[in-house]
Colleague: 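I'd like to ask you about the structure that follows.
One-based numbering, in listed order, for ligands and for the atoms of each. Hydrogens, waters and symmetry mates are skipped; everything else that's a heavy atom, side chains included, is used.
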Amino acid sequence: MWKPDYLKYLPMERQVFIDELQKQSEITWDIVVIGGGATGLGVALDGASRGYKTLLLEQSDFAKGTSSRSTKLVHGGVRYLAQGDLALVVEALHERGLMLKNAPHLTYNQEFVIPIYNSWDAFVYTVGLKFYDLLAGPLSMGKSYFISREKTLMRLPMLNSKGLIGGVLYHDGQFDDSRMAVALAQTCSDKGGIVLNYFKVTALSKNEDGKINGVKATDVVSGEEFNFKANLVINATGVFADDIARMDNPEAAPTIKPSRGVHIVLDKSFLQSETAIMIPKTDDGRVLFAIPWHDVVVVGTTDRPLDTISLEPIAQDSEIDFILQTAQKYLVKPPRREDILCTFAGLRPLAANPNKPGSTKAISRRHKITLSPSGLLSIIGGKWTTYRRMAEETIDKAIKEGFLEKRNCVTSELKLSILTVGYSANRLKIYGDKFTEIGKLIFDHPKLGIPIDPRFPYTRAEIIWICRNEMPVTIEDMLARRTRALFQNARASSEIAIEIAALMAQEFGYDTKWQEEQIESYNQFVKNYI
Ligand SMILES: Cc1cc2nc3c(=O)[nH]c(=O)nc-3n(C[C@H](O)[C@H](O)[C@H](O)COP(=O)(O)OP(=O)(O)OC[C@H]3O[C@@H](n4cnc5c(N)ncnc54)[C@H](O)[C@@H]3O)c2cc1C
């Protein structure tokens, strides 16, 4: 394998990677992946684990885009079953099983109950969810069945009982999306790939035949420009895929129809349960979830078509009101605006012609892989749950088209962490098999084991360990995507920003000016989540 042996034993470190790129400036990469969300990281891991020289470039932080703003479900998609998209459901259920097997430190078996108010719904959802189990085959996560009104209320004590006749119980997967992205980056790096955050691709380079042979990129932190030579460039930039396609061909037809999905986060007292609620039909014909996650409740989502895209989408009042009004109908303690701990919005990169009219909720969540005449391979659409399959198909397509020599995909068996039996209940297991290193830090310096703030579980030891191992650049990276403090309680996260900035500055050797700028910028940023 290309990567020098000594690198395998170093932690994933941004400067180490940049130094390596400078030393190896003449190298031609087998694969350069643009985009460090679920799709790009999955593709980079697939490539690196097959032994290809792989470089991934992300313009911001890993999972800064849609991939940290999902509903956090590893699922086949009960809604897609209702839409009759059986092939997608079967594929996603299979991938759900693999994700739970290969990332046991970040995925969970989550129990859901659909509240039932009439016997027709009882019949339809019981039969439908039994079929859902059947489609999962040996990777089923537990049986679905109808439960009585009493059992429903035992599981969901905060559910509005008026007119309730029972519930349909089923199981699906749940996960931590941005930590999953970091785990993919880490595993890709362990396999010899280089993954760089804050590296923006600004242009594609071409040979005299007009074929793409590399990319130009800027290190957003230092401003330094780089040229990378590549046999294959893969565009995995989610809702930004058309921007990259236009770097290749300014006349390229648009391929992405973006839609915004909003969630709100509430205190766990609104649910008081480890069971999630699934509302199968809201007033606008969507599903809405209320899911216990990291000691809070995530409620959402919406689906609104958009004309403009942004890395930092903002939830509109009407979307927040819609979620609140729907939740108020189902919960005994009706949530109000002032109860919201965080509001976040994400953009779905739906693979569909944006000029075609029609609602985005009806567009299939399937992915599409396309190859431009000059050799830009683009992978768009899809779901977090199917990231692995999407990556496998993308690299297989590259092999078929003659960009890469044939090598088999290994990711269906590739563990992102090996969890030792007995540690599964430890919260620190989210750091995978390396969590003992955090334990050692705490053992050596017991004060580092005290949580930074009683509203969050995160300790100083974790922040220090993350600085050394997970490439955070800003305090936003730390509070939004390495820990999930922003999403758990946006206001409280800005109150610990000072301490986070101090710990990061100490680790990286930054001055007080850096800390002040970071705190100011975080406080501005957090307003969009409050
Ligand atoms: C509200 C919502 C809820 C969802 N819930 C679920 C769920 O519960 N389960 C599920 O399976 N799926 C879910 N999804 C779908 C899933 O989140 C997405 O399919 C997935 O995250 C898309 O990943 P991506 O990598 O394609 O895009 P992104 O995560 O957006 O990544 C694209 C990246 O490309 C980078 N980029 C863009 N331009 C450049 C450039 N010039 N140079 C370098 N980098 C660049 C961006 O910065 C960005 O980080 C949900 C989606 C939404 C919107």
Colleague: Specify the protein heavy atom at minimum distance from atom 47 (O) of ligand 1: its residue, its atom name, and the distance to 0.1 Å.
Modeller: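 The closest one turns out to be E58 OE2, 2.6 Å.
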Colleague: Counting heavy atoms only, which part of H75 comes closer than 4.0 Å to ligand 1: side chain, backbone, both or neither?
Modeller: side chain
Colleague: Geometry only, no angles: is G382 polar-contacting ligand 1 at N/O separations under 3.5 Å?
Modeller: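 Among all N and O atoms of G382, at least one is under 3.5 Å from an N or O of ligand 1.
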Colleague: Could E319 and R260 be called an ion pair, given the rule that one side-chain N must be under 4.0 Å from one carboxylate O?
Modeller: yes
Colleague: I need the atoms of ligand 1 closer than 4.0 Å to a non-hydrogen atom of K72, numbered in the order shown.
Modeller: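 Those qualifying, in numeric order: 8 (O).
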Colleague: Does H263 have a non-hydrogen atom less than 4.0 Å from ligand 1?
Modeller: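 Right, H263 reaches ligand 1.
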Colleague: If you count the atoms of ligand 1 from 1 in the order shown, which ones are under 4.0 Å from a heavy atom of G346?
Modeller: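 Selected atoms, number and element: 53 (C).
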Colleague: Can you measure from CE (M278) to CZ (F112) and round to the nearest 0.5 angstrom?
Modeller: 8.0 Å
Colleague: So, are D317 and R337 salt-bridged, with charged N and O less than 4.0 Å apart?
Modeller: yes
Colleague: Is the shortest N/O to N/O distance between A38 and ligand 1 below 3.5 Å?
Modeller: yes
Colleague: Please list, chain by chain and in numerical order, all residues satisfying salt bridge (Lys or Arg N to Asp or Glu O under 4.0 Å) with R388, sequence neighbours excluded.
Modeller: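 By the salt bridge (Lys or Arg N to Asp or Glu O under 4.0 Å) rule, R388 matches E95, E392.
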Colleague: Atom 27 (O) of ligand 1: which protein heavy atom is closest, and how many Å away?
Modeller: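 Sorting protein heavy atoms by distance from atom 27 (O) of ligand 1 puts G238 CA, 3.6 Å first.
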Colleague: For A315 versus T343, what's the shortest heavy-atom pair and its separation?
Modeller: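 Looking at all heavy atoms of both residues, the shortest contact is CB-CG2, 3.5 Å.
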Colleague: Among all protein heavy atoms in this structure, tell me which lies nearest to atom 53 (C) of ligand 1, with the distance rounded to 0.1 Å.
Modeller: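 Answer, as residue, atom name and distance: R348 CG, 3.3 Å.
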Colleague: Nearest protein heavy-atom contact for atom 13 (C) of ligand 1: which residue, which atom, what distance?
Modeller: S70 CB, 3.9 Å
Colleague: Among residues at least two apart in sequence or on other chains, which ones pass side chain to side chain contact (heavy atoms under 4.5 Å, CB included) with H367?
Modeller: E91, I369, I379, M390, E393
Colleague: When you compare ligand 1 with T39, is there at least one nitrogen or oxygen pair between them that comes in under 3.5 angstrom?
Modeller: yes
Colleague: What protein heavy atom lies closest to atom 31 (O) of ligand 1? Include the residue and the distance to one decimal.
Modeller: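 The answer is G37 CA, 3.5 Å.
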Colleague: Please name the pair of heavy atoms, one in L311 and one in R69, separated by the smallest distance, quoted to 0.1 Å.
Modeller: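 The pair with the smallest heavy-atom distance is O-NH2, 3.3 Å.
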Colleague: Quick check: does S67 get an N/O under 3.5 Å from an N/O on ligand 1?
Modeller: yes
Colleague: Is the contact between L311 and ligand 1 made by the side chain, the backbone, both, or neither, using heavy atoms and a 4.0 Å cut-off?
Modeller: side chain
Colleague: Thinking salt bridges, do D248 and K211 make one under a 4.0 Å N-O criterion?
Modeller: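 Looking at D248 and K211, the cut-off is not met.
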Colleague: Quick one: which ligand 1 atoms are inside 4.0 Å of a heavy atom on G65?
Modeller: 29 (O), 30 (O), 49 (O)
Colleague: Looking only at distances, please establish whether an N/O atom of ligand 1 is found under 3.5 Å from an N/O atom of L73.
Modeller: yes
Colleague: What protein heavy atom sits nearest atom 5 (N) of ligand 1, and how far away is it?
Modeller: T71 N, 3.0 Å
Colleague: Can you see which heavy atom on P313 is nearest to which on A345, and at what distance?
Modeller: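 Shortest heavy-atom separation between P313 and A345 comes out as CG-O, 3.5 Å.
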Colleague: Tell me whether D303 is salt-bridged to R348, with the criterion being a basic N under 4.0 Å from an acidic carboxylate O.
Modeller: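 Yes, D303 and R348 are salt-bridged.
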Colleague: Quick check for you: to the nearest 0.5 Å, what is the distance between I395 atom CD1 and C409 atom SG?
Modeller: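 One finds 9.0 Å between CD1 of I395 and SG of C409.
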Colleague: Heavy-atom contacts with G261 under 4.0 Å: which atoms of ligand 1 show up? List them by number with element.
Modeller: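 Taking each heavy atom of G261 in turn, ligand 1 has 1 (C) under 4.0 Å.
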Colleague: Tell me the nearest of F199, F344, W384, F175 to atom 12 (N) of ligand 1, using heavy-atom distances.
Modeller: W384
Colleague: For the pair R50 and D46, evaluate salt bridge (Lys or Arg N to Asp or Glu O under 4.0 Å) and give the outcome as yes or no after the intermediate values.
Modeller: CA-CA 6 Å; R50 293 195 208 202; D46 189 301; 2.6 Å; yes
Colleague: N/O to N/O below 3.5 Å, does that happen between T301 and ligand 1?
Modeller: no
Colleague: How close does the nearest protein non-hydrogen atom get to atom 11 (O) of ligand 1, and which residue and atom is it?
Modeller: T385 OG1, 2.6 Å
Colleague: Closer than 4.0 Å to some heavy atom of F240 - which atoms of ligand 1 meet that?
Modeller: 37 (C), 38 (N)
Colleague: Mind checking whether T66 has an N or O less than 3.5 Å away from an N or O of ligand 1?
Modeller: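 Among all N and O atoms of T66, at least one is under 3.5 Å from an N or O of ligand 1.
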Colleague: Nearest 0.5 angstrom please: F344 CZ to I314 CD1, how far?
Modeller: 15.0 Å
Colleague: Please confirm whether I244 comes under 4.0 Å of ligand 1, counting heavy atoms of the residue only.
Modeller: yes
Colleague: Please confirm whether F175 and W384 have ring centers closer than 6.0 angstrom.
Modeller: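 Under 6.0 Å, so yes.
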Colleague: Return yes or no for this condition: an N or O of V201 is under 3.5 Å from an N or O of ligand 1.
Modeller: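 Yes - when backbone and side-chain N and O of V201 are compared with those of ligand 1, one distance drops under 3.5 Å.
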Colleague: Got an N/O contact under 3.5 Å between Q59 and ligand 1?
Modeller: yes
Colleague: Relative to ligand 1, is I34 under 4.0 angstrom through side chain, backbone, both or neither, heavy atoms considered?
Modeller: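 Contact part for I34 vs ligand 1: side chain (C-beta onward).
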Colleague: Under 4.0 Å between a side-chain nitrogen and a carboxylate oxygen: does that hold for E470 and R481?
Modeller: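 Looking at R481 together with E470, the answer is no, because their closest N to O distance does not fall below 4.0 Å.
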